[in-house]
Amino acid sequence: MKIFNEPQQVIANRIKENSTISHWKDWKWQLRNTIKTIDQFEFLTGIRFTEDEKENLKETLDKFPLSVTPYYASLIDEDNYQNDPVFKQAMADSKELIVLENEMADPLSEESDSPVEGITHRYPDRVLFHVSNICSMYCRHCTRKRKVGDHDFIPSKEQLAKGIEYVRNNPVVRDVLLSGGDPFMLSDEKIDWLLSALSSIPHVEIIRIGTRMPVVLPYRITDNLVQILKKYQPVWINTHFNHPRELTSSAKEAVRKLADGGFPLGNQTVLLADVNDCPRIMKKLVQKLVENRIRPYYLYQCDLSEGLSHFRTPVGKGIEIMESLIGHTSGFAVPTYVIDAPGGGGKIPVMPNYLISWSTNKVVLRNYEGVITTYKEPEHYENKFCDRDCSDCKLELNLQEGDEFHALGIEKLLSDENDSISLIPENNDRHSRRKV
Ligand SMILES: *Cc1c(COP(=O)(O)O)cnc(C)c1O
């Protein structure tokens, strides 16, 4: 696909007559002309809804607003928009107003796990830092749908300073994940300021940025932005392609700039009904990602957020897709399929079963072809006592942090610490009946 192909030119000229490719490729022009209403959407794309449809859509937008970049709108196949994966991610659906049992506004408890405004501290060594409240496009499947369009703002430096302060005061945090909204909605100047502040904290080893700009507004990835980011390596960037159709020449160009800038690139895909819930589409997607130097990172089961019920699939669909990827294509093209646990339990990987059975000295496995095989375990493996306290261990790890290590959760059950035989939920009935 060329840049400034016909659909792009048509939309550009409907926005303003005699628009040029340099307007189109200016990300600020794209933002200024972002589609916010049904009428604007119809006018620019040429798609026409019935009066009834419009009525329903307008009601939906009152709850969950619309925002589509002209660029992303230009990818919609106007003649078959009802089945179009780009249309479905961009345009509202009145099914968003359906709220089912078990659905929640904040299923991942991001707000209750927030020690200070903007920070979600869930895992031991890393934090999520919401540095922007806005996006260029409002993905219809957004897990933070509760917040979309609420009150659009870019936090001030004073507000961001609270998050930076939290990271500075918590030496356990070695990985800061910038998210939002989209962090690349911030101005270059503010990104520079923020990264400079974070990377000057001695215990921050890496900074990660989660952005959908390469997919919905690839022109945001300017040479200037890349130059700024380069000053703060190691910076890892995760993007969000959901369908192979999104890898256009503009998107590839943005991704190439980032890869050439030396940023390891990952991709997070959400499994979405009628968009990408198909083993063949997903295989094509991961292969195209790898071809463009993006490593598929996570495949997400769609969260239990209110307004997403029509996008959700059974977990079995995800496992079926994983079955069709593992072994069938390059190992590094295979993402980890995860369910983000409702209530803030974090991401839980889910996989087909490959371990069929085992005895004291043999494991029975099956491969992707259905071949059943055995692996003979070593006869003379010497078990090492391990309570995760490295001071008595003969392995020459020489880890400075060794003496501060505390095993956690299931890891603790597996270590040789004799005081942890089981993990018991709070308020366990059986335990509360015990005498002492
Ligand atoms: C996903 C997520 C992270 C990062 O998890 P990784 O598995 O390290 O990618 C960190 N914090 C929160 C709250 C998250 O949701």
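In listed order, ligands and their atoms are each counted from 1.
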N/O donor-acceptor pairs under 3.5 Å from side chains in residues 268-276, not counting sequence neighbours:
| residue | atom | partner | partner atom | Å |
| --- | --- | --- | --- | --- |
| Gln268 | OE1 | Tyr300 | OH | 3.0 |
| Thr269 | OG1 | Phe241 | O | 2.8 |
| Thr269 | OG1 | Asn267 | ND2 | 2.9 |
| Asn276 | OD1 | Leu272 | N | 2.7 |
| Asn276 | ND2 | Asn242 | O | 3.0 |
| Asn276 | ND2 | Val270 | O | 2.9 |

Around ligand 1, what residues show up once you keep those with a heavy atom under 4.0 Å from it? Thr120, Arg122, Tyr123, Arg126, Leu128, Leu177, Arg208, Tyr297, Tyr298, Lys347

Check against salt bridge (Lys or Arg N to Asp or Glu O under 4.0 Å), Arg146 and Glu110: CA-CA 12 Å; Arg146 65 183 184 281; Glu110 290 183 323; 3.4 Å; yes

Heavy atoms of other groups near Lys95 NZ, more than 12 under 6.0 Å: no

One pair to check against side-chain contact (heavy atoms from CB on, under 4.5 Å): Arg144 and Ser179. What are the steps and the verdict? CA-CA 11 Å; Arg144 303 197 182 110; Ser179 179; 3.2 Å; yes

Within residues 331-377 or reaching into it, pairs that qualify as ring-ring contact (aromatic ring centres under 6.0 Å, His included) - sequence neighbours excluded: His328-Tyr368

For Asp277, which residues count as a salt bridge (charged side-chain N to carboxylate O under 4.0 Å, His left out) partner, sequence neighbours excluded? none

